[in-house]
Amino acid sequence: MALKAPSVKPFFGFISLLFYADPTWLDKILIFVGFFGSIAAGVPFPLIGIVFGQVVDTFNEAICGQRSGTETPSGTQSSVNDKILLMVYLAIAILVLTYTHIVCWNLVSQRLAQRVRERYLKILLKQDIAFFDNLQAGEVSSRLNGDVQAIETGTSEKVGVFLTCISFCVTAYVIAFIKDARLAGMLIALIPAFLIMTVIGGHYVQKYSTSMANHFASASAIASEGLSNIGLVHALGAHERLEERFRGHLTNARKEGIRKALAAAVQAGLLYFIAFSANALAYWQGSRKIADTVEFGGDASVGETYTVIFILVDGSIVLSQVAPLLPLFGAAVAAFHRLRIDIDNQPTIDGTCESGQVLPQIDGAVTFDNVSFTYPSRPEHPVLEGVSFECAAGKMTAIVGLSGSGKSTIAGLLTRFYDPLSGSISIDGHDLRSLNVRNLRGFISLVPQEPSLLDRSILENVAQGLVNSPTHSHLAPILLTDALAKLAERVRAGEDMLKAAETSDRRVAEIVALVQKATDLADASGFIDRLEHGLGTLVGSSGSLISGGQKQRIALARALVRDPRILILDEATAALDSASERRIQVAIEKASQGRTIISIAHRLSTIRAAAKIVVMRTGKVIEQGSHDELMGVEGGSYADMVRLQSVKAGDDASSSSGGSTRNGDEGSIEDVKVLTPADTTAISKEESPAVLAATAPGDDGELAAKSVRRTLFPMVRPYLLLLCMAFFAALIVGGTYPAAGLIFGNTIGSLTPCNPADWIRDRGLLLSGMFFMLACVEFLANFGSWASFGTISEKLIYKVRVLSLRSLFKQPLQWHESSGRSPNKLLSYITNDGNALAGFSGSIIGTLFAVIINFVVALILSHFVAWRIAVVCLAVVPLLLGAGFMQLRSIIRFAEKHAGAFSSSVGITVEAVTNIRTVAALSLEQEVLQTYRRSLRAPRKEMVVQSLKSNIWLAVANSSGNFIYSFAYWWGSKNLLEGRYTQTEFFIVLFAMLVSAQLWGQLFTLAPEISRARTSISRIVGVLELDPDTSRACAGKDATRVEYEKNEKVDMEAMVESEATPSSTGGANVEFREVSFSYPARPNIPVLTSLSFSIKPGQFCALVGPSGAGKSTVLALLERFYSPSSGSILINGLDISRHRGTAFRDEIAYVPQDNVMFHGTIRFNLILGARPGHTPTDAELEEACKLANIHDTIVGLPQGYDTEVGASGSQLSGGQRQRLSIARALVRKPKLLLLDESTSALDAESEKALEEGLNRAVNGQGVTVIAIAHRLRTIARSDVIFLVEGGKVVDQGKHDELVKRSESYRVNALHQMLG
């Protein structure tokens, strides 16, 4: 019974896989035709066995007749020719049937893979947000690449080959029972032996495959996070720690992979052992029967016995061809089950379903009634407790409070990302749970704390706000097509936006007008107009090619474009300078007439005009009322916040150094494409020739290998002994077929009725004994070959993946951002290419080598035994080789042509999962699905033609054995009857050549795997060969400067470090001397021009200025993500722009604008900030957390420092992430601390506590701090303030000095004064 459970499940699992995801009638017809075609293709060959038996009888009669002088060769030849003609007709039938079923199964697998991919994506987009709290984007990439590839491979033409083999065996047994029931009855034992071996082996192979895939999915999630935040990885020096974690998961995957290889090796060895043992039994019993016929006479002809032996022996060889296919089927079912777990997950909140009440219109009155909530991933930690408040329709309600008090959770509950545990939320008296989710989200626009954009143009991103807008439903059909993408392309090609829109559909022009109006409202049109391509500019993955402030304004425009009834602003202006913020405030006030606004804010100057202010603390509402009412509350919490945020003249006089920072302008560490007010163009795909010419070899995005052998050989060298064993075992496997041919030929030669009966019995016993010995050798050789190759493969893949990630981590930020590279594309080198290499390098190399050895040995043996027959048979070999080569070439060309489409389709899905909150809030599920379908339109169209073309060659390769067989029979019989060769010699050659031909056919069934591996190996070796020195793109600079950079200023992540930065006792001394800089992609647009300033050790310095002035660029240059075009940057007297090596980064800590957390515990994230090579103690971690005012929050969590932060830190609030990010920086005890808007998500109280902590750190350790800030409280306490505008320092001094003499500084300061 124990065996039964694993036996039936995979079978039915496979059947349900074939009919999964709503197959069309065409899919069902293809499966039907493929099934019956495969079955029919297996029938003719055993029929050839009958003809073969008759020919043997004819030969025997002729030979015995010749001995007695009664038979003439010419009559015999004519009889043989008739039978051979029959064989040719059967061979033609096999060719036609083989081609039919191969094409059908090939199309079935490709169409199924597309359906499964689409179904998986569709279901993913339906899931509620709680589902994604523990699912990482890298895991999705692994599922879509590895698992769907496994399904495609396991349901392809290999199913047809498998069914043909099974049909062959069944037909063989039927004929055998008709011809000789007793002998066939003995050999029937083959079937249960094969079944038990297949079931048990398959169970273990599937078990280990599943476990291995799960470990690898975790590893690829780490790689995905690291590559998506490569700038931060460089700044933290976290390569080794992330790689160690990656290695840990891969080590587990490798262990399971080796177990899988051993299980498959036992399975393969047993399969051959059973087949060859059955041969031995058949020869022994057959020889006895023939001897009895000779001795005692009888009605059974010798030919019939031969027929039984031949077709059952050949049947067992054909059955042995199933061995390499079984792991592929097992892997397909295992992959299907893994995908089903996600697919079958029923969401509690489905944003795509039609159920629920649909409201035609709403007023926008929101009521929270005694709402309590905990996040599903942390049920023991309450976030909201008994929250009750009302938001009047058409009025502005502000929510303020400490970081982590549950403010953003309110936004999440209102947009129904989650449902409350108890209490109710209603709009206009309707409980949210009773409303249709999509309809509800159509009335609400959310601008999140950390806005995310999709990798499209600005036009498409803003227009996404219209997709689910009730008032713009007539535009939905256009929004779901690629009309806007095409329009943006035309604009990037140089056309005028308005003219191009007018020539398009009328609705396209309407969308463009709405987008322009929204960008005006969001104060975004100014910087968009200055971009080279305006609204057609691509924003990059997650908006990485534009600054933080620009991203926030585009997100705001996206929210305003649909004219929502309820607008939720979650820190929506946190990354903006005061002037921009004030303009947006005015715009919102203007646009807010008659709409409900819920504003979550820490900058209290932005909410003063709110009709109601709700003050929260630790998940409870503690105060509510208008600004004036709350200011009148004695000792009130709100009044305290206001006082904390007010800046009075002279407040800063007492402060020597200290403070914290606020609301950034430029993007995160990756947003270093921060662009100038003059022109801020994001990198587009159409780079100028100068740009491309200057990039390093292989920088066209695709990586090509220079020398595969030179790169891979050192990796294989440690396993040379194992490799020699593997090849030796494969050599024996290859040699056993010709050996079987020798025994077969001798057996048939010996067992003629012309020989004496006793001699036949003795020879039969001897030869069957030899065959059993061969069975034992086959078991050991196959086990050795499969196990050794499998083990080497797993170890090699492990190495390749670790080294690929290391190589990608070592490349400078500039390389990652050039030539259209994206994190998803780079991740595919590890997931997709690694999988292709793994699929190829295990058993397939062994099979390949064994087939080639068999071919060579068979040729030599045949020429040695009967050269006249062999030479003629050899003439047909080029047909086999040519067919295989043509098929391989056809597959490779198709793969190369559409590689981009397949990787971009995976990119679309990974991006959708990464930005799932944006997708859900805007109801973009259909839009993402349509974009995905469009990305695969080209390969889908060509699929049928490609399948029809390439599989002609596979069918020829698979069935040409039968033509060679017929040809060999005719020529051999001619030579035999003319007396040139004996029957023994003829059958040795026949068997050797025939089996070789059959195995060649099988080999080309593996052509797709070989093809995939070839291109993958080239790409992987390209990654491994990358040199950080040469990969640096010095794009777009003049020739002399390029030459100078090559010699002087190349960014060398992995070069031998020169001497470390000279250390000073206190903080770092920083000096910029006449620094000019342009981004390599836009060499003609200066970002910094002759920027000069100096900062003394231990000073607290603030950089202020409008969004896009180049402030974050200063920090990027200090981390040396780029080198300046001219001028020098000195830290403690060391010019880092000319310094080889990056050891100086150990003294610098960086807190980026986007507070990125890696999947893992809080402790793991903090340790990432430590200096490379140093593991901080718990005391050090706690000290840093106390300074950053996060220690008490962490201790309050159920698991404390071992609490999981979730994917991208999703389990923490924005403020908690920000404080954790600062703590991570302080763990390093740096000499220089760079803060980019590091308090933008903090309330006044948290900010004050953090400010005191930073004060202690600065005073205690003498740290130099450079902070980019918009929040005045931070700026006012600085020792020196640099006002940056247009890439220059236009003024510097203390707060009160600048207020007196700088108009632009004064405007910003006055805006933030609170009464």
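Because only heavy atoms are used, hydrogens play no part in the values below, and waters and symmetry mates are left out as well, while side chains stay in. Since the model is a prediction, treat every value here as computed from it, not as a measurement. The first residue in the sequence is number 1, and the count goes up from there.
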How long is the gap from [atom1] on [X] to [atom2] on [Y], to the nearest 0.5 Å?
| X | Y | atom1 | atom2 | answer |
| --- | --- | --- | --- | --- |
| L731 | N854 | CG | CG | 11.0 Å |
| I50 | K83 | CD1 | NZ | 13.0 Å |
| E794 | K260 | CD | NZ | 6.5 Å |
| W284 | L281 | CH2 | CG | 7.0 Å |
| E157 | N106 | CD | CG | 5.0 Å |
| S793 | W786 | OG | CH2 | 12.0 Å |

Taking the side chain as every heavy atom from C-beta outward, state whether [X] and [Y] have any pair of such atoms under 4.5 Å apart.
| X | Y | answer |
| --- | --- | --- |
| I853 | V733 | no |
| R182 | Q285 | yes |
| I869 | S862 | no |
| H863 | V871 | yes |
| F45 | I311 | no |
| L861 | I988 | yes |
| L163 | V159 | yes |
| K158 | W105 | no |

Distance-minimising heavy-atom pair for [X] and [Y]:
| X | Y | result |
| --- | --- | --- |
| V205 | A263 | CG2-CB, 4.0 Å |
| F276 | A740 | CE2-CB, 4.0 Å |
| F987 | G745 | CB-CA, 3.7 Å |
| A265 | A787 | CB-N, 3.5 Å |
| A280 | S768 | O-CB, 3.0 Å |
| A726 | I792 | CB-CD1, 4.4 Å |

message: Using side chain to side chain contact (heavy atoms under 4.5 Å, CB included), reason through V777 and I732 one step at a time and then give a plain yes or no.
response: CA-CA 8 Å; V777 172; I732 293 171; 3.6 Å; yes

Is a side-chain N or O of [X] found less than 3.5 angstrom from the main chain of [Y], in a donor-acceptor match?
| X | Y | result |
| --- | --- | --- |
| S785 | A781 | no |
| S973 | W970 | yes |
| T984 | N746 | no |

Exceeds 12 heavy-atom contacts within 6.0 angstrom, atom [atom1] of [X]:
| X | atom1 | value |
| --- | --- | --- |
| M186 | CE | yes |
| F177 | CZ | yes |
| W867 | CH2 | no |

message: Assess whether a salt bridge exists between E295 and R761, defined as any Lys/Arg side-chain N lying under 4.0 Å from an Asp/Glu carboxylate O.
response: yes

message: Before you tell me yes or no, could you show the steps for C776 and F772 under side chain to side chain contact (heavy atoms under 4.5 Å, CB included), namely the whole-Å CA-CA distance, both residues' side-chain angles and the distance that decides it to 0.1 Å?
response: CA-CA 7 Å; C776 298; F772 183 73; 3.8 Å; yes

message: Assess the residue pair D292 and K289 against the criterion (salt bridge (charged side-chain N to carboxylate O under 4.0 Å, His left out)); give the C-alpha distance rounded to whole Å, side-chain angles, the decisive distance to 0.1 Å, and a yes or no.
response: CA-CA 5 Å; D292 289 348; K289 181 160 187 187; over 6 Å; no

Ring center gap for F779 and Y272 short of 6.0 angstrom: no

- request: Please test L767 against Y283 for side chain to side chain contact (heavy atoms under 4.5 Å, CB included), starting from the C-alpha separation and ending with a verdict.
  value: CA-CA 8 Å; L767 292 168; Y283 285 143; 5.7 Å; no

